[in-house]
Each structure stands twice: as C-alpha cells, then as structure tokens.
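Each chain gets a letter, A, B and so on, in the order its sequence line appears, and its residues count up from 1.
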Amino acid sequence: MLQITTLRQDPERVKERLGLRNFPQPGLVDELLQDDENIRLQKGITEKLQASLNSISKEIGMLMGKGEKAAAEAKKEEVAGLKKELAAEADKLSLLEHTFNSRLLQLPNLPHQSVPAGKTPADNQVVREGGTKPDLASDALPHWELIKKYNLIDFETGSKLTGSGFPLYKGKGAKLQRSLIQFFLDYNTSAGYTEYLPPLMVNEATAYGTGQLPDKEGQMYHITEDGFYMIPTAEVPVTNIFRDEIVKATDLPVKMTAYTPCFRREAGSFGADVRGLNRVHQFDKVEIIQLTEPSLSYITLDEMVLHVERLLQFLELPYRILRLCGGDMGFTSALTYDFEVYSAAQQKWLEVSSVSNFETFQTNRMKIRYKEEGGKTQLLHSLNGSSLALPRIVAALLENNQTAEGINLPQALHTYFGEATIK
RNA sequence: GGAGAGUUGUCCGAGUGGUUGAAGGAGCACGCCUGGAAAGUGUGUAUAUGGGAAACUGUAUCGGGGGUUCGAAUCCCCCACUCUCCGCCA
C-alpha cells in the first residue's frame, strides 16, 4: 500500500509513474487527495466534539466526587445532545475513511526509475544471459518423457490422491527434490541468511500483510472452516514474522531464507504450458527475504540478483535475467528481475525466480519499522526472491543434461544427491 | 473436544467505573556525587495521528472486536492467544 504522504508530496509524479504501468485510473490519485483533505477536516470536527464530551465527563466526575449530585445531573442532560451530534459526525468520518482505504488499496506500487515502459512480457529487457544452451540430439525428450523413462514422478497417482497438478515424487525423483532443497538452503545460510521453517497455512491478517488479500484471493487455497489460507510462497509467513515490529537499527539488514511447499490454485491459467512440471498446484521453493533501511535497498536488490545468478551458475543451466517492464510487474513491486532458464528439449525459457524490491509497499501494510540514529521511527524496505523454484529447475536439468547413458547432474549436486548420474 | 486461570508500557508488576497515559520497581538516557567506577541521588523515559514555525495541544491505544454508561484497563458479549487439569491422539 502506498503512503498517502507520497501522493501529497508530488501527485503529478505519482500519476506519471502509474502511467508506466498502464494503470487505467489516474483519476484515483486526485480522488484520494480529495478524500484525504475531507478526512482531515472531518477528523477535526469529530475530535473537537469528542474533546468537549471528554472534558464534560471529567467535570461530572469531579462533581460526583464532591457529592454535588444535582449539578452532575444537569451536566448529563447537556451532554445528551452532544453525543448524538458526535455519533453523526463519527459516522461521516468512518464512511470517508472506508472509501479512502478501498481506493488506496487499488493503487499498485510505483515503478522504480529504471523500469522500462511496456505492456507485455515481450517488452521486458534482457539484462544479461549466461551459461550455454546444450546441443541436443534431434530425438531429445521433453522432461515429462524423461520423468517416465527414469520413473521420477508419478503424475497419475498424484491425480488419484488429490487432483491434477499435485505431483507424486518417487525414488530418485524424490531424492533429487531433497538434494536441491538442501543445496539451496546451505548456499543461502552460508551467505548470512537465517533459516526458517514456517507454518504452511496462514490467517487472514498475514495474507493481507504481504498483499495476497484482498487482491489475489482466488489464487490461494482457502480453508474456510478455520479461516486459514495455504501459502502460495514462503514470502507470506516469513515477511510477516516482523509484522508490527520495530527492528533495532543494529539488527539490520534482516536476512531470512525458508524452504516451503507452495500451493497455488492457478485459476484461469489452463493452456499450452501446463504439461509436466511447467505449472503445478503444489511445488517446492526456497525463498530469500530481506528487510533493509531505505537508502540501501537497491544495493541489496543487486546483491540478491547476483546471489541467485551464482546459484544458476552452480547448476550449470543456461539462463537470462530480465528487468520487467511496467506492464508486466506485479502489483506490489517497484522493480523486479525475473530469472529464466532454458529448457532445451521444449525449447522454452522457464521462469524460475523473481527478485523484487517492494520498498515500503508491504512494510506500510505490516507496519515493519526501524528506529533511525536520530531516534525517528521509519518504515523499512522489503525485498524477496526465489532461490529457487524447483519444478522448472528440475525440468531444465533433465532436458538439458540427457544423454544415452542417463541424466548427468551438475557437479554441485553430486555430494547432495550421492550420485553423478540419474540412470 | 470439556473445565478453569490468565493476557496492562522495553521488562516485572499494581490497579473492579471518575483529573489513570496508567501506582511501584527494574532497565535505559542525562545530571549531581566520585580520582575513576559501583552504590547513592535528582530529572526524564510509549506509539500512532490531526493542528501549530515552535512551545505546545486535540484524539486514539491496558490481547482484538462489539456493547452498557455522561464517563470503561475496570461491567457485559464474541473472538484469538498463553497456562493448568481431563478427554482424544501422531
């Protein structure tokens, strides 16, 4: 959620930045400023009434204390009218605030100055590429065939147990998951991230904190009986660890990592790229999250990009890093880099990570703050990224490294997996 | 799932309707004392938000939400969490 002070300071810049996102209602900005003005006026009226009511109540208290009952009764009558008036004004105020809040929630984050203009993924900027695409034989198999060939995942039984998109990993397939998770977590903790293993269901307040509610309600599995949501990413519980906290400046930056399964309904995204592991309802992911002071967040973003990039180099996968254009960025992000790996048999780029700076958009909702040197309390910046999402990594590893003898795993995984080749 | 006890400021802890934003203590900050420190002593010490150049000041906040009342930390209702006992159970 944007801070209203940002709108007050420079409404024209806000509109210009929203334009980069192709935000359809620039008029909202002026409406919000008008609301803001009205609210402050109405607050003045309401609070003045409340103040006089409070002071009369105090007087009554003093009179009662002195035993002057009659005088107190007289005051009580005086107050009756005031109370009615106050109730009416307070209603007006809460109506104004309600409108204001629902309008403010509709505003996405403002794109950083380096965000390119554009409407679709085709407008994203390729920042850099790395690794080399393998030369596969013409009869190279897509990963869903390789999965069958080496008996790594049983999609059919997963469907029987739950439904489509819930893979059942098996044997070497299950072990490969475990190896990757362990490797990613070790890599993250050795870079100073503290490991967490959070709850996989969260309550409404938590889902609201990171912006899943009210915006993406339909994307989460909802346990209505208890009012819980299955997490779509570790970002949700882990960032909320610091909700309503004031972090000591000396404890910054806060660096956290977590492995969790992620649950996504993926409502409305049926279509071409749902085969095999390209898009599933439950998948494993390791996430990194940082809370930093505002002046350092873009340096931190660059560090996180390098961190994820190095991980892909360890995996020896061909990758590219994209800077998302205004039209393709998520609602809450100010700047996002997407990482894609090339899955050679499908001849497709698959998104495996998304590293973003949210500035104060999330922390404003969650009231995650820190105390500055001078003693002033300020919102922190929050950032996060995947390191990494497993299914598409597995897809690319299988496809790119297939040989007649088996799947050759990258060096970095050998000790974790216990073998160099899946046969 | 059933029964009971509890949730107060950075922490401990008092407070069952009226100048209570909240006693007392600890901690912390600054001063005095000291050769220096400890002890002692004095003062200060929540957050958010509105108004104001500032001094200052209005409002809200005693787990969360609602209610009663002129007035609620205090009374009533609902919810969450913690602890104890019973039941069930990996």
Side-chain angles (χ1 to χ4, degrees), chain A residues 1-9 32-101 103-104 197-209 213-214 222-229 236-237 240-252 254 360 362-380:
Chain A
M1 176 163 71
L2 287 177
Q3 295 174 266
I4 186 64
T5 48
T6 310
L7 271 68
R8 280 186 209 145
Q9 274 159 16
L32 276 162
L33 287 172
Q34 188 59 55
D35 290 345
D36 181 45
E37 192 65 38
N38 292 341
I39 283 172
R40 280 196 277 179
L41 257 161
Q42 188 61 31
K43 231 182 201 157
I45 295 169
T46 312
E47 287 183 359
K48 214 166 258 165
L49 284 170
Q50 185 66 58
S52 54
L53 205 73
N54 285 350
S55 83
I56 294 173
S57 290
K58 251 177 206 174
E59 286 173 37
I60 294 176
M62 283 191 281
L63 290 172
M64 297 289 275
K66 282 188 242 162
E68 296 177 30
K69 265 213 152 128
E73 287 303 320
K75 286 270 180 201
K76 279 195 201 178
E77 273 167 46
E78 184 185 325
V79 154
L82 260 181
K83 258 197 106 173
K84 242 186 213 163
E85 206 182 328
L86 174 65
E89 298 298 340
D91 280 351
K92 276 192 221 166
L93 178 63
S94 74
L95 192 69
L96 283 171
E97 286 177 333
H98 187 260
T99 315
F100 173 81
N101 282 329
R103 279 182 176 148
L104 192 58
L197 185 64
L200 305 182
M201 295 183 201
V202 294
N203 59 31
E204 211 170 281
T206 300
Y208 177 84
L213 294 179
H222 188 191
I223 291 119
T224 50
E225 189 165 4
D226 300 284
F228 297 151
Y229 293 87
V236 178
N240 272 277
I241 291 170
F242 285 90
R243 172 153 49 92
D244 294 319
E245 299 282 334
I246 297 174
V247 183
K248 275 190 255 156
T250 49
D251 291 339
L252 294 172
V254 175
T360 59
Q362 294 184 326
T363 56
N364 186 32
R365 277 196 192 192
M366 285 184 273
K367 296 286 170 277
I368 301 181
R369 294 162 296 172
Y370 78 110
K371 224 173 193 119
E372 275 187 318
E373 284 297 315
K376 214 181 158 223
T377 308
Q378 267 210 37
L379 293 173
L380 285 163

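Within 4.0 Å (heavy atoms only), I56(A) reaches no atom of the nucleic acid at all.
Counting heavy atoms of neighbouring residues, nucleotides and ligands inside a 6.0 Å radius, atom CD of E78(A) exceeds 12 of them.
A gap of 13 Å separates the C1' atoms of G13(B) and C62(B), to the nearest Å. U20(B) and A60(B) are spaced 16 Å apart, taking the P atom of each and rounding to whole Å. With C1' as the reference atom, C76(B) and A23(B) are 27 Å apart, rounded to whole Å. On the P atoms, A29(B) is 38 Å away from G18(B), given to the nearest whole Å. When the C1' atom is compared between U49(B) and A38(B), the two are found 44 Å apart, to the nearest whole Å. Remark: the separation of the P atoms in C28(B) and A22(B) is 24 Å, to the nearest Å. For A46(B) and G21(B), the C1' atoms lie 9 Å apart once the distance is rounded to whole Å. Separating the P atom of G63(B) from that of G6(B) is a span of 13 Å, rounded to the nearest Å.
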Show which side-chain atoms of residues 87-95 of chain A pair as donor or acceptor with protein atoms under 3.5 Å away, not counting sequence neighbours.
from	atom 1	to	atom 2	distance (Å)
E89(A)	OE1	Q42(A)	NE2	2.7
S94(A)	OG	D91(A)	O	3.2

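Contacts between residues 33-51 of chain A and RNA chain B, defined by a heavy-atom separation below 4.0 Å, involve R40(A), K43(A), E47(A), Q50(A), A51(A), listed by number. Contacts between residues 84-94 of chain A and RNA chain B, defined by a heavy-atom separation below 4.0 Å, involve no residue at all.
Residues passing the side chain to side chain contact (heavy atoms under 4.5 Å, CB included) test with A74(A): none are found, sequence neighbours excluded. Residues passing the salt bridge (charged side-chain N to carboxylate O under 4.0 Å, His left out) test with R103(A), sequence neighbours excluded: E31(A), D35(A). Residues passing the side chain to side chain contact (heavy atoms under 4.5 Å, CB included) test with E245(A), sequence neighbours excluded: F242(A). N54(A) pairs by the side-chain hydrogen bond (donor to acceptor under 3.5 Å, both in side chains) definition with Q50(A), not counting sequence neighbours. With sequence neighbours left out, the side-chain hydrogen bond (donor to acceptor under 3.5 Å, both in side chains) criterion links Q378(A) to E372(A).
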Before giving the answer on side chain to side chain contact (heavy atoms under 4.5 Å, CB included), spell out for Q362(A) and R365(A) the whole-Å C-alpha distance, their side-chain angles and the decisive distance to 0.1 Å.
CA-CA 5 Å; Q362(A) 294 184 326; R365(A) 277 196 192 192; 5.9 Å; no
Could you walk me through whether L252(A) and L380(A) pass the side chain to side chain contact (heavy atoms under 4.5 Å, CB included) test, one step at a time?
CA-CA 10 Å; L252(A) 294 172; L380(A) 285 163; 3.6 Å; yes
With side chain to side chain contact (heavy atoms under 4.5 Å, CB included) as the test, would you mind laying out the steps for Y229(A) and V236(A) before giving the verdict?
CA-CA 10 Å; Y229(A) 293 87; V236(A) 178; over 6 Å; no
Apply side chain to side chain contact (heavy atoms under 4.5 Å, CB included) to residues L49(A) and T46(A) and explain how you reach the verdict.
CA-CA 5 Å; L49(A) 284 170; T46(A) 312; 5.9 Å; no
Every protein N/O within reach of nucleotides 71-73 of chain B N/O, cut-off under 3.5 Å:
from	atom 1	to	atom 2	distance (Å)
G71(B)	OP1	K83(A)	NZ	3.2
G71(B)	OP2	K83(A)	NZ	3.4
G71(B)	O4'	S57(A)	OG	3.3

For nucleotides 74-80 of chain B, give me every protein contact, N/O to N/O, under 3.5 Å, one pair per line with atom names.
none

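L7(A) contributes atom CG, which lies 6.0 Å from atom CG of L32(A) (distance to the nearest 0.5 angstrom). Interatomic distance, CZ of R243(A) versus OG1 of T206(A), reported as 4.0 Å (0.5 Å rounding). Separation of atoms NZ (K367(A)) and CG (D244(A)) is listed at 8.5 Å; rounding is to 0.5 Å. Between I4(A) atom CD1 and Q9(A) atom CD the span is 10.5 Å, to the nearest 0.5 Å.
Between N240(A) and A205(A), the shortest heavy-atom distance links the atoms OD1-O, 4.3 Å.
Atom NZ of K76(A) and atom C1' of G18(B) are 11 Å apart (whole Å). The nearest whole Å value for the distance from the CE atom in M62(A) to the C1' atom in U20(B) is 14 Å. Atom P of nucleotide U69(B) and atom CD of E77(A) are separated by 16 Å, given to the nearest angstrom.
A stem is defined here as three or more consecutive Watson-Crick or G-U pairs, each with both distances under 3.5 Å; for RNA chain B these stems are B:1-7 with B:80-86, B:10-12 with B:24-26, B:27-32 with B:40-45, B:46-51 with B:56-61, B:63-67 with B:75-79.
Screening residues 48-59 of chain A for salt bridge (charged side-chain N to carboxylate O under 4.0 Å, His left out), with sequence neighbours left out, gives E59(A)-K75(A).
With RNA chain B read from its 5' end, the first of the two nearest nucleotides for K75(A) and S55(A) is the one closest to S55(A). Taking the nucleotide of RNA chain B with the nearest heavy atom to each of R369(A) and F228(A), the more 5' of the two is matched to R369(A).
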